Amino acid sequence: MLRVMHRLYNDEAGFVISAELVLVLTIAVLAMIVGLSEVAVAVNTELNDVSNAIGALNQSYCFTGFKASCQGKTKSYVAGSHFQDAFDDCDLNTSCDLVTGTSYIGSEGW
């Protein structure tokens, strides 16, 4: 058994191929991490844009009523209605700026 373990320990066949494989896989994993990080930023930015679009929808509405009468008596009547959407913090989401760069440069400039 000791002889088999000694032969296995001294066997170097396939060492170069496995070293190359480790190097290629390491580079591939690093590239995948960078790529997935950029995908995550792009997805978050697009979802933020969608939330801004939904928040900017104006939900105000108005419709007029009508009144119908026959021989001086009211036959049917529907009152009008309206709703005025108020501006609040949900209408414009500026709390999640993930795009790189500066959105505002002060008077100092760059």
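The model shown is predicted, which means the values in this text are computed figures rather than measured ones. Residue numbers run from 1 in the order of the sequence given. What you see below is based on every heavy atom in this structure, not just the backbone, and it leaves out hydrogens, waters and symmetry mates.
Membership of the apolar cluster around Phe66 extends to Val78, as traced through chained side-chain contacts below 4.5 Å between ILVMFWY residues. Residues Val39, Val43 make up the rest of the hydrophobic cluster containing Leu47, defined by ILVMFWY side-chain heavy atoms closer than 4.5 Å, directly or through other members.
Judged by distance alone, with hydrogens and angles left aside, the side-chain atoms of Ser37 form no donor-acceptor pair with the main-chain N or O of Ile33 at under 3.5 Å.
Within the model, atoms CG of Leu25 and CG of Leu30 stand 11.0 Å from one another, a figure rounded to the nearest 0.5 Å. Taking CE of Met32 as the start and CD1 of Ile27 as the end, the distance is 13.5 Å to the nearest 0.5 Å.
With sequence neighbours left out, the side chain to side chain contact (heavy atoms under 4.5 Å, CB included) criterion links Tyr77 to Lys67, Thr74, Ala79. For Ser60, the side chain to side chain donor-acceptor pair (under 3.5 Å) partners two or more places apart in sequence, or in a different chain, are Asn58. In this structure, the side chain to side chain contact (heavy atoms under 4.5 Å, CB included) partners of Ala68, at least two apart in sequence or on a different chain, are Lys75, Ser76. By the side chain to side chain donor-acceptor pair (under 3.5 Å) test, His82 pairs with no residue at all, sequence neighbours left out.
Residues Cys62 and Phe83 have side chains not in contact (no heavy-atom distance under 4.5 Å, counting atoms from C-beta outward).
A side-chain contact (heavy atoms from CB on, under 4.5 Å) with Thr26 holds for exactly one of Val22, Val24, Val29; it is Val22.
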